[in-house]
Amino acid sequence: MKTIINTYLSNKKTNTLLLFLSIYCVLLLLFRAKISHSIFYFFLVWNLFLGAVPYLILVFVKEKIQLLENGKTRVIVFFSWLLFLPNSFYILTDFVHLQKGNPDLFWFDLILLFSFSSLGFLFGLLSIKEFKNCFSLFYTNKTVVITIPIICLLSGFGIYLGRFLRFNSWHILTNPFQLFLNSLETIFTLEAILFSVLYGSFIFITYLIKIILWKIIAKQ
């Protein structure tokens, strides 16, 4: 419990905002369930939790930064983080469910999905920022900066695996052979390449915009 509290207080302003936005999203979902008598969109809570995991991993590691002094631990943390990172941006693709909802609640569902996907995206962008902060202590800033667009492209491919091939992050443990084979089969297909580049570049451009906005806010 003490670790959780310390982790929360390490960046209290940001974490308070994230907590507030998470509560807002859940309240929207509960209100929809109340008026529609349906739990159709409850999967968004799980997706949002998975989207928060990479951020939580690095916020925790940041408090225990000495863990990254060990090379093997650093590699494990990096790949664990990278494995979950696509989940943060994956929620954006949940807009495909909009057409399956109640037509009478179309505009409400639009706001609901936008709220969840925006928060998931924010978790992802903050996670990349924390990655840069943590790993810049052990690698040159140039190396980390070059790595970020590659990470964004890999996230785009991860989203493709999740949306079209229906793989989840834990399949690396439960079904690694099938995940590897399917990834190998699709990684060079035109559809996978276009999707990965499209979403990866969108993630990276959004990250750059956030960086500019953070700098502007910091100067004020």
Side-chain angles (χ1 to χ4, degrees), residues 22 25 28-29 32 38-58 78-103 105-106 108-128 131 147-210:
S22 299
C25 288
L28 276 180
L29 187 61
R32 187 194 187 279
S38 170
I39 59 171
F40 176 66
Y41 280 116
F42 271 39
F43 64 85
L44 289 172
V45 175
W46 176 246
N47 286 355
L48 183 61
F49 169 74
L50 291 177
V53 167
Y55 174 73
L56 296 175
I57 288 175
L58 288 188
F78 173 73
F79 281 104
S80 298
W81 170 75
L82 184 61
L83 185 65
F84 279 96
L85 183 61
N87 292 311
S88 300
F89 310 109
Y90 174 86
I91 309 179
L92 186 64
T93 66
D94 282 331
F95 274 97
V96 299
H97 298 289
L98 190 60
Q99 60 185 341
K100 302 175 185 177
N102 187 336
L105 295 174
F106 176 83
F108 186 94
D109 291 347
L110 184 64
I111 295 299
L112 178 69
L113 287 167
F114 179 78
S115 299
F116 271 92
S117 61
S118 297
L119 181 53
F121 227 88
L122 181 58
F123 272 120
L125 295 177
L126 289 172
S127 178
I128 295 176
F131 160 77
T147 304
I148 290 176
I150 298 174
I151 288 171
C152 292
L153 288 174
L154 290 175
S155 293
F157 183 63
I159 296 170
Y160 177 84
L161 292 178
R163 175 51 64 191
F164 295 101
L165 302 188
R166 307 309 298 164
F167 281 109
N168 295 303
S169 299
W170 54 84
H171 281 133
I172 192 71
L173 298 175
T174 61
N175 198 5
F177 185 68
Q178 194 62 48
L179 174 60
F180 176 75
L181 284 182
N182 286 24
S183 299
L184 204 59
E185 288 175 0
T186 60
I187 192 170
F188 295 115
T189 62
L190 182 60
E191 182 184 56
I193 292 173
L194 289 177
F195 187 94
S196 301
V197 171
L198 176 65
Y199 271 79
S201 59
F202 179 71
I203 293 168
F204 183 60
I205 290 171
T206 308
Y207 169 74
L208 292 180
I209 292 173
K210 279 289 184 182

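Taking CZ of Phe123 as the start and CG of Leu50 as the end, the distance is 11.5 Å to the nearest 0.5 Å. Here the straight-line distance linking atom OG1 of Thr93 with atom CZ of Arg163 works out to 3.5 Å at 0.5 Å rounding. We find the CG-CZ distance between Asn47 and Phe42 to be 13.5 Å, quoted to the nearest 0.5 Å. Going from atom CZ of Phe204 over to atom CD1 of Ile209 covers 11.0 Å, rounded to the nearest 0.5 Å. Rounded to the nearest 0.5 angstrom, Phe40 CZ and Leu112 CG are separated by 10.5 Å. The CG atom of Leu58 sits 5.0 Å away from atom OG of Ser127, with the distance rounded to the nearest 0.5 Å.
Side-chain contact between Cys152 and Ile128 is present, with heavy atoms from C-beta onward closer than 4.5 Å. Using a 4.5 Å heavy-atom threshold, the side chains of Trp81 and Phe131 count as touching. A 4.5 Å side-chain heavy-atom check between Phe164 and Thr186 finds every atom pair outside the cut-off. At least one side-chain heavy atom of Leu113 sits under 4.5 Å from a side-chain heavy atom of Leu44. For the pair Leu48/Leu119, a side-chain contact is recorded, criterion being any heavy-atom separation below 4.5 Å from C-beta on. Put simply, the side chain of Phe114 reaches to within 4.5 Å of the side chain of Phe95, judged on heavy atoms. For the pair Ile159 and Ile203, the minimum side-chain heavy-atom distance is below 4.5 Å.
When all heavy atoms of Gly162 and Tyr90 are compared, the pair lying nearest together is C-CE1, 3.7 Å. Annotation for Phe108 and Leu28: closest pair CZ-O, 3.5 Å, computed over non-hydrogen atoms. Closest heavy-atom contact between Gly101 and Asp109: CA-OD2, 4.2 Å.
Ring to ring, Tyr41 and Phe116 are not that close: their centroids are 6.0 angstrom or more apart. Between Phe121 and Phe202, the ring center distance clears the sub-6.0 Å criterion. Separation of the Trp46 and Phe49 ring centroids falls under the 6.0 Å cut-off.
The closest donor-acceptor contact from the side chain of Ser196 to the backbone of Ile193 lies at 3.5 Å or more, if one exists at all.
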